[in-house]
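Structure, as structure tokens:
The chains referred to below are lettered A, B, ... by the order of the sequence lines, with proteins before strands, and numbering in each begins at 1.
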Protein chains: 2
Amino acid sequence: MTIADTNSWRGIQAELLRRINEREWLPGSLVPSEADLAIEFGCARATVNRAMREMADAGLLDRKRKAGTRVALHPTSRVVLDIPIIRLEVEQRGAEWRYSLIESSAEPASLALTSRLGLPRDSEMLHVRSLHYADNRPFLHEDRWINLDLLPHVRSVDFSAISANEWLIQNAPYTAGDISFSAMGADAGLADLLDAPEGAALFVIDRITWDKDRPVTAVRLSYAPGYRMNTKI
Amino acid sequence: MTIADTNSWRGIQAELLRRINEREWLPGSLVPSEADLAIEFGCARATVNRAMREMADAGLLDRKRKAGTRVALHPTSRVVLDIPIIRLEVEQRGAEWRYSLIESSAEPASLALTSRLGLPRDSEMLHVRSLHYADNRPFLHEDRWINLDLLPHVRSVDFSAISANEWLIQNAPYTAGDISFSAMGADAGLADLLDAPEGAALFVIDRITWDKDRPVTAVRLSYAPGYRMNTKI
DNA sequence: CAGTGGTCTAGACCACCGC
DNA sequence: CGGTGGTCTAGACCACTGC
């Protein structure tokens with residue numbers, strides 16, 4: 001009974017998921033050791049490990065050496081978001097992408113920004129603001145600051161021909177990033193640009209990327225009203 | 001040269017990441033086969049596979065049998081969000097969590113909802129609305145519909161003693177879910193509940209969970225203004 | 001100390017698919 | 001056909017940690 005269809009790691013994982021979902025293994029309870037499960041399923045321990053490691057990564061199992069493996073008490077759902085290049089995001093929605101540069105100029109960055117990035121105060125950064133359109137309707141406003149120390153040659157890039165979003169992804173690798181999602185009311189300027197009423201609720205993504213502790217770019221994406229970011233668990 | 005610090009899979013992965021980040025391997029280019037890399041690093045092929053599989057999962061590499069492994073052309077950044085129980089989310093912020101039930105009653109669900117869930121029209125569902133507080137200030141409004149066909153005994157649960165959020169996580173397993181994030185202006189009712197001005201921009205999470213194609217629950221979480229959801233890449 | 005998970009190995013077979 | 005990644009095995013050593 002409860003024989004996995006196959007003794008592949010996927011089959012074993014499915015069986016383990018079933019036991020958790022059907023409350024055969026209760027939250028918080030200790031589950032058999034890898035070695036025991038390997039015997040039960042008639043496979044190598046590495047195969048059981050492969051199945052269980054993913055479940056532990058996903059937060060479904062808590063594993064500790066010597067203490068063994070337990071079914072997680074508070075299974076936090078883990079959501080994976082893919083954040084593509086904006087052009088591709090628009091095109092994947094079946095819309096025509098268009099892009100328009102508003103402003104690109106080197107300016108001293110605000111104290112709030114430089115301190116957040118760990119740069120000297122009054123550092124000069126390249127400030128690029130642009131609008132992305134989907135089928136000729138404003139889709140999002142991209143407000144970006146680029147670290148000129150790290151990318152000096154960015155001064156000569158023509159951001160009316162390629163979006164900063166796309167240029168950076170192709171030319172400025174990063175090793176880490178902070179992202180936050182929030183909602184914000186549109187101020188007068190944004191409302192005008194996005195063709196929305198002032199105060200309209202906008203979905204906002206703030207992102208800072210780093211290349212080994214050196215900041216690359218800080219960007220705020222403000223989506224036109226009605227935008228939804230969808231995914232599955 | 002370019003010797004990995006160790007021949008552990010993490011060391012190898014770090015070295016591969018370095019080669020990609022430093023443009024030693026260009027986007028779109030073919031990288032050596034697992035077997036060749038195993039020889040180069042002096043380790044087993046499985047160890048190289050372990051390192052590369054994660055990078056492929058993360059979208060950094062494109063792998064195909066026979067065709068080999070290439071550096072991804074459009075590295076879409078993949079973001080992982082952990083969505084915990086609301087009580088824990090509040091407590092992790094160092095605030096005191098409090099909860100208050102607004103309403104819990106069985107009602108026929110709207111046509112929009114039943115069709116979305118694939119239930120017969122006018123199906124009766126349990127409608128639970130409640131407020132979560134952080135340090136006595138409104139934190140979020142939870143507006144939930146629960147499938148009474150799937151969970152008939154939920155009628156007798158006292159949702160003034162335990163939040164629907166927490167009860168469901170502990171008692172109603174699911175196998176899949178759809179999530180969407182958006183921004184919404186507060187209507188009069190929400191504004192009043194969340195102690196916010198009418199029209200204030202709210203961060204909203206809509207989630208539907210399924211247990212093998214049967215809907216479990218649909219919920220909308222409307223966060224009080226100022227909420228940010230943070231994560232790292 | 002001893003049991004558990006974390007990792008690595010050397011080898012093997014297979015599925016896929018470009019050639 | 002043959003090269004590549006996907007997976008599985010049997011075994012091994014080790015790190016961690018509860019007892």
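- Here the side chain of A/Ser33 is nearest to one of D/dG18, C/dT4, D/dT7, namely C/dT4.
- The minimum heavy-atom distance linking A/Leu140 with A/Glu142 is given by the pair CD1-N, 3.8 Å.
- Contact annotation: B/Thr69 does not reach the phosphate of D/dT4 (side-chain N/O to OP1 or OP2, under 4.0 Å).
- Going from atom OG1 of A/Thr217 over to atom CG of A/Leu151 covers 8.5 Å, rounded to the nearest 0.5 Å.
- Note: CZ (A/Arg10) to P (C/dA15) measures 15 Å, nearest angstrom.
- Relative orientation of the B/Phe159 and B/Trp167 rings is perpendicular, given thresholds of 30° and 60° on the angle between their planes.
- Judged by distance alone, the side chain of B/Thr69 and the main-chain N or O of B/Val31 form no donor-acceptor pair under 3.5 Å.
- Within residues 43-56 of chain A, the residues having any heavy atom closer than 4.0 Å to DNA chain C are, in order of number, A/Arg45, A/Asn49.
- Atom CD in A/Gln13 sits about 14 Å away from atom C1' in D/dT7, given to the nearest Å.
- Between the P atom of D/dT7 and the CZ atom of A/Phe41 lies a distance of 18 Å, rounded to the nearest Å.
- With rounding to whole Å, B/Asp57 atom CG is found 15 Å from D/dG5 atom P.
- Using a 4.0 Å cut-off, no side-chain N or O of B/Arg65 falls inside it from OP1 or OP2 of D/dG3.
- At most 12 heavy atoms of other shown residues, nucleotides or ligands fall within 6.0 angstrom of atom CZ in A/Arg116.
- In this pair, B/Tyr223 and B/Phe139 present their aromatic rings perpendicular. The plane angle is above 60°, beyond the 30 to 60° band.
- Between D/dG6, C/dG5, D/dC8, one nucleotide has an atom nearer to the side chain of A/Ser8 than all others, and that is D/dC8.
- We find that CG of B/Leu61 is positioned 12 Å from C1' of D/dG5, with the value rounded to whole Å.
- With rounding to whole Å, B/Lys66 atom NZ is found 9 Å from C/dG18 atom P.
- Atom CG in A/Leu37 sits about 12 Å away from atom C1' in C/dT4, given to the nearest Å.
- Sorted by first and then second residue, the salt bridge (charged side-chain N to carboxylate O under 4.0 Å, His left out) pairs involving residues 58-69 of chain A (not counting sequence neighbours) are A/Glu34-A/Arg63.
- An OP1 or OP2 oxygen of D/dG6 is reached within less than 4.0 angstrom by a side-chain nitrogen or oxygen of B/Arg63.
- Rounded to whole Å, the distance from CG on A/Asp62 to P on C/dG6 is 11 Å.
- Along DNA chain D, the nucleotide nearest to B/Glu34 and the one nearest to A/Lys64 differ in position, and the one closer to the 5' end is contacted by B/Glu34.
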